[in-house]
Amino acid sequence: MSNNIQAVRGMPDILPDEAEFWELFEDTVRSWLKSYGYRPIRMPIVEPTPLFKRAIGEVTDIVEKEMYSFVDSLNGEPLTLRPEGTAGCVRAVIQHNLIAQTPQRLYYMGQMFRHERPQKGRYRQFHQVGVEALGFAGPDIDAEMILMGARLWDDLGLDGIKLQLNTLGQPEERARHRADLIVYFEQHQDLLDEDAKRRLHSNPLRILDSKNPAMQEVIVGAPKLIDYLGEASLEHFNAVQQILKDAGLPFEINPRLVRGLDYYNLTVFEWVTDRLGAQGTVCAGGRYDGLVGQLGGKAAPACGFAMGVERLIALVRDAGGEPCKRGTDVYVVHAGEAASRMAFRAAEGLRDQGIDVVLHCGGGSFKSQMKKADASGAAFAVIIGDDEAAANEVSLKPMREEGDGQKRVPLEALADTIMNSMLDWNEENEEEEA
RNA sequence: GCGGCAUUAGCUCAGUCGGUAGAGCACUGGAUUGUGAUUCCAGUUGUCACCGGUUCGAUCCCGGUAUGUCGCCCCA
């Protein structure tokens with residue numbers, strides 16, 4: 001085993017039992033996004049390294065020490081595996097002029113890469129669903145995006161995910177706050193930890209988000225951003241809150257909520273659970289009105305959020321959510337050369353009618369083949385031996401009924417017989433449910 | 001990147017106070033020779049994560065590495 005090549009640390013395989021949950025999740029997410037008018041976009045996993053440095057911020061942890069960056073040895077180009085999706089999405093929107101005429105609601109889902117120490121709910125390759133609305137300036141889209149989250153948790157059968165909300169104001173307001181913040185922290189330098197000192201002049205806002213208990217006192221006494229906000233910023237924030245209140249969605253204002261990426265302004269929010277240990281944030285986002293211009297596009301407002309797929313799927317599994325494990329419709333059992341050739345015709349004929357068929361491969365006794373048929377979850381076994389082949393018939397055996405309802409059916413009548421049985425079966429089930 | 005804990009059959013785990021290992025599930029075969037899921041019988045399961053050290057002898061003790069996990073950091 002140990003001599004074999006293993007998956008890269010923090011980049012796990014998702015095996016079939018697990019992957020079925022992923023597909024259930026993805027189906028739910030896609031129809032949820034469609035119900036809000038979002039359209040898919042697919043960006044490359046690799047982007048030029050400067051894109052992330054400019055978008056995310058040079059002094060963020062992501063850019064400083066978590067990016068998978070490398071130089072393309074064939075042409076010397078600096079490249080990076082995307083650590084998040086917004087930068088690439090905005091790059092694509094600019095490059096293809098997508099919001100020249102009209103705003104866009106976009107989404108993507110896929111891998112992201114960050115070189116962190118792995119643990120549950122945190123991996124080096126992880127998956128996000130990213131949702132971005134570009135070209136919308138008002139608080140309405142912010143609120144809509146937040147309300148979307150609440151609906152998805154409901155669709156996924158999750159509860160206990162709580163909303164935290166904050167506003168970061170506008171760049172000039174942050175700048176004044178930031179200047180005062182630096183002065184304040186400089187006056188209390190002896191109370192700052194090493195990380196905070198390093199950030200003092202580069203990114204002091206992040207110090208407010210520190211969880212270091214030793215620093216809580218100095219943080220509480222720091223200048224508050226809300227006191228620096230102008231009328232427009234306050235109005236925007238209030239409008240978002242009003243819509244949430246109208247919708248009956250509870251939230252908590254967390255003035256220390258600061259996003260890890262530098263491009264945010266005004267509204268920021270996080271959806272948090274206490275069921276995932278240290279990885280409690282399952283969804284986070286906010287407004288980033290400056291990013292399009294910062295990346296060279298014509299200035300345009302924008303708002304978005306990303307969800308951690310691994311974290312949400314972990315919650316779905318904890319909550320007992322199950323993908324509806326529908327097996328195949330039919331399992332074809334056969335022995336003998338003529339029977340085997342007929343089995344292919346039977347199987348393809350059924351598939352022509354839209355019936356799911358697993359054709360037994362690999363030989364074996366009828367007994368062992370029937371075991372496989374049972375394990376497959378098939379509603380019917382189609383059994384073909386020499387007798388059936390000689391008569392151009394098959395034996396059709398219902399696997400989910402009491403007694404032995406097995407009967408011989410001409411090959412050409414097989415599909416119709418199965419379709420009728422499945423219809424009857426469905427009707428009975430509906431009656432039971434009603 | 002830092003600290004703690006863990007790593008035994010495909011899965012979930014037990015165990016050896018240092019003398020190379022077991023259960024359940026799963027899997028394979030059989031119980032009137034063409035028929036499952038129940039029951040009964042039989043059988044295979046493994047360099048006890050890897051490398052090195054101590055020892056007559058290590059799966060067990062010690063060190064390192066890898067991976068996982070919990071917390072910190074950070075974040076989805």
Side-chain angles (χ1 to χ4, degrees), chain A residues 1-12 15 17 56 60-66 83-86 109-131 149 161 193-196 198-199 206 209-213 257-261 269-273 276-285 304-315 327 331 333-336 339 360 364-389 395-402 404-406:
Chain A
M1 278 276 265
S2 63
N3 283 337
N4 295 337
I5 295 176
Q6 295 187 11
V8 173
R9 164 121 113 144
M11 304 198 185
L15 304 179
D17 282 345
I56 298 170
T60 57
D61 271 25
I62 294 176
V63 169
E64 278 179 342
K65 52 192 185 191
E66 293 177 357
E84 56 101 43
T86 301
M109 34 210 303
Q111 295 93 322
M112 308 294 162
F113 300 85
R114 293 182 200 173
H115 190 103
E116 301 181 277
R117 175 114 173 221
Q119 48 185 279
K120 194 200 299 191
R122 174 213 283 210
Y123 305 97
R124 291 184 176 177
Q125 173 184 272
F126 61 102
H127 295 72
Q128 286 187 338
V129 175
V131 182
I161 302 180
D193 63 20
E194 209 173 299
D195 203 48
R198 187 177 59 81
R199 287 221 154 92
R206 308 265 358 250
D209 202 30
S210 169
K211 284 170 190 154
N212 185 346
L257 180 63
V258 176
R259 310 296 6 276
L261 300 82
F269 61 92
E270 273 189 27
W271 290 95
V272 182
T273 176
L276 288 174
Q279 280 67 240
T281 302
V282 295
C283 174
F305 64 93
M307 300 183 286
V309 175
E310 282 83 356
R311 292 178 186 183
L312 284 167
I313 287 177
L315 288 180
Y331 195 99
V333 161
H334 57 91
H360 182 85
S365 65
F366 274 103
K367 186 185 177 70
S368 67
Q369 292 192 39
M370 287 304 293
K371 280 191 178 181
K372 296 249 170 40
D374 184 56
S376 76
F380 298 93
V382 166
I383 302 158
I384 310 174
D386 292 336
D387 293 356
E388 287 88 347
S395 291
L396 179 63
K397 175 167 184 166
M399 300 292 281
R400 305 287 164 236
E401 290 175 12
E402 296 296 321
D404 186 20
Q406 181 170 332

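Numbered from 1 within each chain, the chains take letters A, B, ... in sequence-line order.
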Q: Indicate, yes or no, whether a donor-acceptor pair under 3.5 Å links the base of C73(B) to the side chain of Arg122(A).
A: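 Side chain to base: pair found, below 3.5 Å.
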Q: Minimum heavy-atom separation for Arg9(A) and Pro118(A), please, with both atom names.
A: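 Taking Arg9(A) first and Pro118(A) second, the nearest heavy atoms are CG-CG, 3.7 Å.
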Q: Lys372(A) side chain N/O closer than 4.0 Å to the phosphate oxygens (OP1, OP2) of U28(B)?
A: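 For U28(B), OP1 or OP2 has a side-chain N or O of Lys372(A) closer than 4.0 Å.
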Q: Can you tell me the Watson-Crick or wobble partner of G46(B), both distances under 3.5 angstrom?
A: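 Its partner: none found.
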Q: Is U67(B) paired to anything, Watson-Crick or G-U wobble with both distances less than 3.5 Å, and if yes, which nucleotide?
A: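 Result: A6(B).
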Q: When both hydrogen-bonding distances must be under 3.5 Å and the geometry is Watson-Crick or G-U wobble, what is A23(B) paired with, if anything?
A: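 Per the H-bond distance test, U12(B).
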Q: In whole angstroms, how far is the P atom of G1(B) from the CD1 atom of Ile62(A)?
A: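 In whole Å, G1(B) P lies 17 Å from Ile62(A) CD1.
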Q: Under 3.5 Å, is there an N or O donor on one side and an acceptor on the other linking the side chain of Gln406(A) and the base of U35(B)?
A: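 Side chain to base: pair found, below 3.5 Å.
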Q: Does Gln6(A) contact A49(B) through a side-chain donor or acceptor facing the base, at a distance under 3.5 Å?
A: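 Absent.
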Q: Return no unless some side-chain N or O of Arg9(A) is found under 4.0 Å from OP1 or OP2 of U67(B).
A: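 Yes, such a contact exists.
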Q: My understanding is that a pair needs two contacts under 3.5 Å, Watson-Crick or G-U wobble. By that rule, which nucleotide pairs with C61(B)?
A: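 Pairing partner: G53(B).
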Q: Is Arg117(A) side chain donor-acceptor paired with the G71(B) base, going by distance under 3.5 Å alone?
A: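 Donor-acceptor pair under 3.5 Å: no.
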Q: Looking at residues at least two apart in the chain, or sitting in another chain, which of them share a side-chain hydrogen bond (donor to acceptor under 3.5 Å, both in side chains) with Asp374(A)?
A: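 Per chain and number, Asp374(A) pairs via side-chain hydrogen bond (donor to acceptor under 3.5 Å, both in side chains) with Arg400(A).
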Q: Paired with G29(B) by Watson-Crick or G-U wobble geometry, both distances under 3.5 Å: which nucleotide is it?
A: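 Pairing partner, where one exists within any strand: C41(B).
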